[in-house]
There are 2 protein chains.
Amino acid sequence: MLLSTKGDYGVRAIIDLAKHEGEGPVQRAEIARRRQIPEAYLDHLLAQLRRDGFIRSTRGPAGGHQLAKPADEICLLHLLESLEGSLAPMQCLENDDPEDEAICGQGWVWQEIYDDMRAKLAATSLSDLASHEREHERERATAARYVI
Amino acid sequence: MLLSTKGDYGVRAIIDLAKHEGEGPVQRAEIARRRQIPEAYLDHLLAQLRRDGFIRSTRGPAGGHQLAKPADEICLLHLLESLEGSLAPMQCLENDDPEDEAICGQGWVWQEIYDDMRAKLAATSLSDLASHEREHERERATAARYVI
DNA sequence: GTATTGTCGACCTTTCCGGTCAACATCGTA
DNA sequence: TACGATGTTGACCGGAAAGGTCGACAATAC
Ligand code: FES
Ligand code: FES
């Protein structure tokens, strides 16, 4: 039932880009360090995000990666479907084969769960994620002050 | 993101038992045939369900498997957690390691989705599944009549 | 032209899924 | 009590996919 690391890593990476929106390209090495992703592996994830038009990349010195559209126009659902392929928890939910129902009898439960999940992912934009993370950082910072 | 076949097959099997509640033991071969599960593989799933007290098995001629408690006291959540282990879509949701949040920043979304999913699964009992399937059969039967 | 960055595809290793098999335990029945 | 039907268990196995690495190449800034 686990999401593969592609989804997790890929979203981490693009959150990083969202947090540096408007500051020019961010380099692969930087993302990899901050987000704890193997650099060589990150290549593939960025490539996928580029193919689907979420990011733009520039080569050469001072090159890097940046969002191709505003962070609030990118939702988590599209991101994950780009990175992971389908998110369906059961195969039968995609190739709607009606004869399965007689054999299995639980498809309807999963269909509901799947719909709820997709709705929630579609309602979460990249800017939501970024601002949520900023807020979390602020909380940690004030907490640290108290300790000091 | 897919559930493994263990969960699907295992639930199929116990739905079958629920539909024959009170009719004595149901044999492995019968379940396997009706639910399209490899017989030898089904063994392992039944073993797991037995270990966790969902079913009782009797050996010898006229033996077989049956529910160990009423169908409406068995919920889909417990069944699936028995068969699949954890259902968490991300590893970090179990070993609540607070330092992940700074690196990843999407854990909260998945936590919400996970909670919703568990709630829905916990609210669905085995008797819900069985009656849902019976209803579906009835619909198909009347539909078939119209065709004839 | 050289250093710096990204781009792409081949490759490799490990894990796990889905499944089989053989040996054994238990029970009903003749 | 012997036999056959059934369930019980753990070892085993092939293939696919996950997760990751590497090397050759392309573009750009200076
Ligand atoms: S075959 Fe679709 S949920 Fe089982
Ligand atoms: S590490 Fe938990 S969602 Fe990414």
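Note that this is a predicted model, so its numbers are computed, not measured. Keep in mind that the numbers below use all heavy atoms, side chains included, and drop hydrogens, waters and symmetry copies.
Contact of the A:Asp128 side chain with the A:Ser125 side chain is registered, since non-hydrogen atoms from C-beta on lie closer than 4.5 Å.
Listed by chain and residue number, A:Glu135 satisfy the side chain to side chain contact (heavy atoms under 4.5 Å, CB included) test with A:Arg138 (two or more places apart in sequence, or in another chain). Residues satisfying the side chain to side chain contact (heavy atoms under 4.5 Å, CB included) test with B:Arg59, not counting sequence neighbours, are none. Every residue two or more places apart in sequence or in another chain that forms a side chain to side chain contact (heavy atoms under 4.5 Å, CB included) with B:Arg28 is listed here: B:Glu39, B:Leu42, B:Asp43, B:Leu46, B:His65.
Atom P of nucleotide C:dG6 and atom CD1 of A:Ile55 are separated by 10 Å, given to the nearest angstrom. For B:Leu45 and D:dT9, the CG to P distance is 13 Å, given to the nearest whole Å. The CD1-C1' distance, from A:Ile31 to C:dT5, rounds to 13 Å in whole Å. Residue A:Leu2 contributes atom CG, which lies 11 Å from atom P of C:dC16 at whole-angstrom precision. Between the CZ atom of B:Arg56 and the P atom of D:dT6 there is a distance of 19 Å, given to the nearest Å. Whole-Å rounding puts the A:His65 NE2 to C:dT4 P distance at 17 Å. Rounded to a whole Å, the CG atom of A:Leu42 is 11 Å from the P atom of C:dT7. Rounded to a whole Å, the CZ atom of B:Arg28 is 9 Å from the C1' atom of D:dT8.
Applying the 6.0 Å contact sphere to CD of A:Glu139 captures more than 12 heavy atoms from other residues, nucleotides or ligands. Around the NE2 atom of A:His20, the shell of radius 6.0 Å holds more than 12 heavy atoms that belong to other residues, nucleotides or ligands. Around NZ of B:Lys6, the count of heavy atoms belonging to other residues, nucleotides or ligands within 6.0 Å does not exceed 12.
Salt bridge status for B:Glu133 with B:Arg12: absent, with no side-chain N to carboxylate O gap under 4.0 Å.
Distances shorter than 4.0 Å separate some side-chain N or O of B:Arg50 from OP1 or OP2 on D:dT9.
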Sugar-phosphate or base contact per nucleotide [nucleotides 17-30 of chain C; S, B, -; heavy atom under 4.0 Å]: -BBB----BBBS--
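Sorted by first then second residue, the ring pair (Phe, Tyr, Trp, His ring centres under 6.0 Å) pairs that include residues 101-127 of chain B, not counting sequence neighbours, are A:His132-B:Trp108.
The residue among B:Arg51 and B:Ala29 whose nearest nucleotide of DNA chain D lies closer to the 5′ end is B:Ala29.
The stretch residues 12-25 of chain A has no heavy atom under 4.0 Å from DNA chain D, so no residue of it qualifies as close.
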